[in-house]
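Just so we're on the same page: letters track the sequence lines, and every chain starts at 1.
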Amino acid sequence: MSRYTPSEIEPKWQTEWDAAGVFTAKVDPSKPKFYVLEMFPYPSGRIHMGHVRNYTMGDVVARTKLAQGFSVLHPMGWDAFGMPAENAAMEQGGHPGTWTYNNIDVMRGQMKPLGLSIDWSREFATCDPEYYGQQQAMFIDMLEAGLVYRKNAVVNWDPVDMTVLANEQVENGRGWRSGALVERRELTQWFFKISDYSDELLSALDGLKDWPEKVRLMQANWIGKSQGLQFSFETVNAPAGFEQIEVYTTRPDTLWGASFAAIAAEHPLAKALEAQNPEIAAFIAECRKGGTTAEEIETAEKVGFDTGLRVRHPLDPSIELPVWIANFILMDYGTGAIFGCPAHDQRDFEFATKYGLSIPPVFVAEGAEEALLSEPFVPAKSERVRYVRNVAGAEVKTGEQGILDAIALAEEKGFGKGVTKFRLRDWGLSRQRYWGCPIPVVHCAACGVVPEKKENLPIELPKDVSFDQPGNPLDRHPTWRDCACPSCGAPARRETDTMDTFVDSSWYYARFTAPRATTPTDLAEADYWMNVDQYIGGIEHAILHLLYSRFFARAMHKTGHLPAKAIEPFNALFTQGMVTHEIYLTRDANGRPIYHLPEDIIRSETGATLKDGSPVELIPSAKMSKSKKNVVDPMNIIASYGADTARWFVMSDSPPERDVEWTAAGADATFKHLNRVWNLSVKVAEMDEGTAGAGDKDLAKAVARATEDVTRAIEGFAFNKGIAALYGLTNAIAKAEASAPAMRQALRDLAKLMSPFTPHLSESIWAAQGGEGLCAIAAWPKADPALLVDDEVTLPIQINGKRRGEITVPKDMPASEVEKIALANEDVVRFLNGQPVKKLIVVPGRIVNVVI
RNA sequence: GCGGGUGUGGCGGAAUUGGCAGACGCACCGGAUUUAGGUUCCGGCGCCGCAAGGCGUGGGGGUUCAAGUCCCUCCACCCGCACCA
């Protein structure tokens with residue numbers, strides 16, 4: 001043992017961990033359990049630094065909990081369905097499955113050298129038939145429980161790729177891959193009834209105390225609960241069947257401010273009028289066209305068309321309001337119809353101004369007089385205002401109270417009722433893609449839509465497919481669609497839609513508790529391991545993945561696949577920052593950027609140049625991306641410095657929730673430090689037994705202090721502070737003048753405290769210093785409380801709040817004694833210069849402040 | 001526009017939540033060791049100042065014996081949502 005050689009020790013310890021099975025999760029009722037989960041990766045083909053950071057964070061938690069006596073579950077799998085595999089098949093030929101499993105093999109091979117404490121025996125990919133077959137079983141249960149249904153929905157249709165696109169796959173109105181103009185099509189689609197749980201998913205957010213406030217807020221906004229009044233306008237001259245128009249408003253207190261009614265272009269009434277009136281038809285066609293590109297939406301002018309119809313004001317039937325079709329009314333929000341109150345709504349104001357509609361005010365600021373409005377007056381609902389055209393109740397009150405009064409009046413008079421609406425819509429899960437979980441239903445001419453029999457699951461994807469033409473290969477497969485109706489046995493056809501990949505990731509955390517079960521879950525296992533105690537992942541999943549998972553856990557409970565305690569599957573959530581890196585660029589003759597790889601750059605204090613000396617522009621702290629060439633490959637780092645250096649560095653520099661900047665200097669410094677620790681260990685191992693132990697007590701105190709600090713830092717997800725404490729401890733040990741046994745004990749403690757971050761190096765030190773067994777499973781050190789307190793404390797002495805001196809006194813010295821010593825201090829005497837002391841503050845153990 | 005967040009040395013960041021601002025690391029400067037070093041070790045390092053001392057946590061104001069931390073106000077940047085009735 002002389003030189004620190006990660007390439008030797010890292011594989012060696014990994015082999016020993018595997019042989020001892022130290023990371024195999026075992027149900028042990030005698031121990032508390034701890035389930036650590038990082039969001040599983042998409043098998044893109046290579047791991048990146050973001051993975052290293054994400055999985056190291058989880059590993060630090062998992063290893064610490066293991067050492068603290070928990071039975072730990074720390075699994076890994078692959079979010080393996082999805083479009084990139086199909087795109088690869090289209091571009092390079094081959095089968096998406098081959099591409100995916102190859103990538104998984106490569107990435108697993110890249111992850112294992114990181115030395116993560118993962119129970120690899122539980123690994124699965126969502127594209128394994130064993131996994132998606134169980135997903136199909138649950139789908140059938142959920143269908144029978146009324147949690148899944150079919151309906152017509154407007155979707156983004158890519159006419160070239162012949163598939164539905166998610167909203168985020170539409171860029172400037174064009175398909176992100178094909179570049180074709182996306183059409184709005186109405187298709188029959190499968191939906192999860194997540195809206196049944198809108199209220200529940202919202203109110204349960206309050207219980208997620210260990211989730212970031214930001215994520216809870218984003219989810220709350222996404223669910224978008226609003227309280228309002230639904231009522232109907234009586235129409236005056238509308239076509240038959242449209243005697244009433246249902247309207248929803250969150251501001252019924254402004255009913256007297258109504259100057260028009262407006263309906264969406266897709267509203268049934270608009271469709272009815274379209275048939276009779278070519279001008280209306282033209283206007284509606286115009287509405288449908290517009291509004292797909294970002295610019296158009298930004299600059300879209302509010303346009304409308306007066307239908308000539310009239311409705312009666314519910315509070316005074318003698319007042320008639322015009323009905324407009326307007327492009328800013330959304331059919332799928334509320335009822336697709338509104339009343340316009342231009343005085344107190346920005347949009348309505350713009351609209352009314354443009355078309356010369358009246359703008360009657362309803363309220364004014366408390367204490368103000370009624371005045372002509374040159375702009376809409378839109379105070380917060382919580383603000384008190386004076387109603388000049390009051391619906392009901394007191395004249396001066398908050399908007400909130402006004403709304404309640406208005407709803408009460410409407411209900412009393414019987415023209416409307418208070419309702420709660422949600423922005424959250426049902427989750428459309430149909431995808432016209434091949435590489436996804438087939439929806440296990442059958443279309444039968446006689447029986448209609450019938451769920452497949454469970455004994456026929458999994459409904460596997462056919463292997464003999466080609467991607468040489470657009471569209472869904474399942475649709476054009478010669479035989480795959482043909483099947484017998486599970487109900488009547490007659491020839492029938494399979495559903496060819498597959499499931500959104502968000503379904504796959506909505507329950508994998510539950511599957512990890514019993515990954516080989518022949519049912520979706522094993523309730524006994526789920527009961528022991530659920531919930532996930534610490535979930536770690538990117539903020540980009542704040543809404544969809546996490547909300548879908550919360551819904552799915554509830555749906556799984558309802559269908560008997562999860563215990564009640566697991567309906568909120570993630571007890572604590574942590575969202576980590578990215579790993580960033582500088583971008584280096586030069587410009588071509590046209591000023592266009594040319595990016596350069598980090599290894600082609602020579603850095604100096606003043607800036608950076610290429611190897612030929614030409615200057616390079618620096619863009620600091622940018623997200624790593626291949627196109628910008630600012631990517632650092634973890635495998636290169638592991639090859640030159642070892643996994644422990646990569647792990648330590650990504651945890652050391654920044655708080656984990658923030659982005660961390662990868663720098664070559666930082667990685668170098670980490671490697672040097674780990675070498676220092678190694679060399680220190682070598683030195684201590686060779687120490688003479690007879691070394692005097694004058695510094696034993698001080699060393700023990702330093703170890704106790706670090707134990708406390710590191711433990712608290714890890715528990716508080718402040719890994720950077722934990723690492724700072726470990727630097728401190730290393731320095732303290734290096735300087736200590738302690739006996740050999742004390743030094744060895746200190747190094748074993750250091751190794752243990754470092755082990756969540758640098759598990760391989762720690763094992764080597766542990767072994768060199770006579771530690772028993774594997775460091776990975778040795779107990780976490782506990783700080784002796786007696787060593788955490790000093791007998792003496794140094795108190796700064798301030799005069800008028802400025803530090804002028806300090807005294808060292810026994811810890812428990814009474815304040816009166818401290819006062820005397822402080823006033824006798826020579827610095828204090830000098831600064832006081834005989835002036836009388838007005839006030840003397842002694843904060844025990846902290847500070848003394850003399851006021852003159 | 002609405003909502004949320006951040007702002008501390010040359011840089012990444014600490015500060016037990018009102019009690020010595022700048023822990024720890026990087027960079028930089030000095031010294032020693034080494035055949036050499038982009039090695040290792042020792043020391044220095046907020047700014048101004050020879051010093052005494054003064055100033056200093058985005059700007060301004062306030063509360064307090066004491067403010068990075070609490071209150072008011074302004075500014076800058078970042079993120080999320082956005083015609084949501």
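- Note: A/Thr794 OG1 to A/Ile847 CD1 = 12.5 Å, rounded to the nearest 0.5 Å.
- Contacts of A/Asn731 with the nucleic acid, taken as non-hydrogen atoms under 4.0 Å apart, involve only primed sugar atoms and P, OP1 or OP2.
- If you find the closest nucleotide of RNA chain B to A/Thr335 and to A/Gly666, the one lying nearer the 5' end belongs to A/Gly666.
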RNA chain B in dot-bracket form (Watson-Crick or G-U pairs under 3.5 Å, [ ] crossing, | inter-strand) is (((((((..(((......[....))).(((((.......))))).(((....)))..(((((..]....))))))))))))....

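- Here the side chains of A/Val660 and A/Met578 are not in contact, with every heavy-atom distance at 4.5 Å or above.
- Within the 4.0 angstrom heavy-atom criterion, no nucleotide atom of any strand lies near A/Arg425.
- Among the protein residues, A/Arg804 comes within range of the sugar-phosphate backbone only, with heavy atoms under 4.0 Å from sugar or phosphate atoms but none that close to a base.
- At a threshold of 4.0 angstrom between heavy atoms, the contacts of A/Ser652 with the nucleic acid are absent.
- Exactly one of A/Val311, A/Val323, A/Leu357 qualifies for a side chain to side chain contact (heavy atoms under 4.5 Å, CB included) with A/Phe260. That residue is A/Leu357.
- Here A/Lys421 lies out of heavy-atom contact (under 4.0 Å) with every strand.
- Atom name P, nucleotides B/G9 and B/G58: the rounded distance is 8 Å, in whole Å.
- Using a 4.0 Å cutoff on non-hydrogen atoms, the parts of residues 703-727 of chain A near RNA chain B are A/Asn720, A/Lys721, A/Ala724, A/Tyr727, ordered by number.
- With a glycosidic angle no further than 90° from 0, B/G9 counts as syn.
- Comparing the C1' positions of B/A23 and B/U40 gives an interatomic distance of 25 Å, to the nearest angstrom.
- Note on A/Leu217: only backbone sugar-phosphate atoms sit closer than 4.0 angstrom, heavy atoms only; bases stay farther off.
- Between the CG atom of A/Asn720 and the CZ atom of A/Arg658 there is a distance of 9.0 Å, given to the nearest 0.5 Å.
- Nucleotides B/C20 and B/G38 are separated by 38 Å at their C1' atoms, to the nearest Å.
- Applying the side-chain hydrogen bond (donor to acceptor under 3.5 Å, both in side chains) rule to A/Glu792 yields no partners; only residues at least two apart in sequence or on another chain are considered.
- Projected onto RNA chain B by closest heavy-atom contact, A/Val851 and A/Thr663 fall at different nucleotides, the more 5' of which corresponds to A/Thr663.
- Nucleotides B/G53 and B/G4 place their C1' atoms 44 Å apart, quoted to the nearest Å.
- Within the 4.0 angstrom heavy-atom criterion, no nucleotide atom of any strand lies near A/Ile543.
- Counting non-hydrogen atoms under 4.0 angstrom, A/Lys802 reaches the backbone sugars and phosphates but no base.
- A/Phe422 comes within 4.0 angstrom of nothing in the nucleic acid, heavy atoms only.
- Spacing between B/G49 and B/G3 at atom P, rounded to whole Å, works out to 47 Å.
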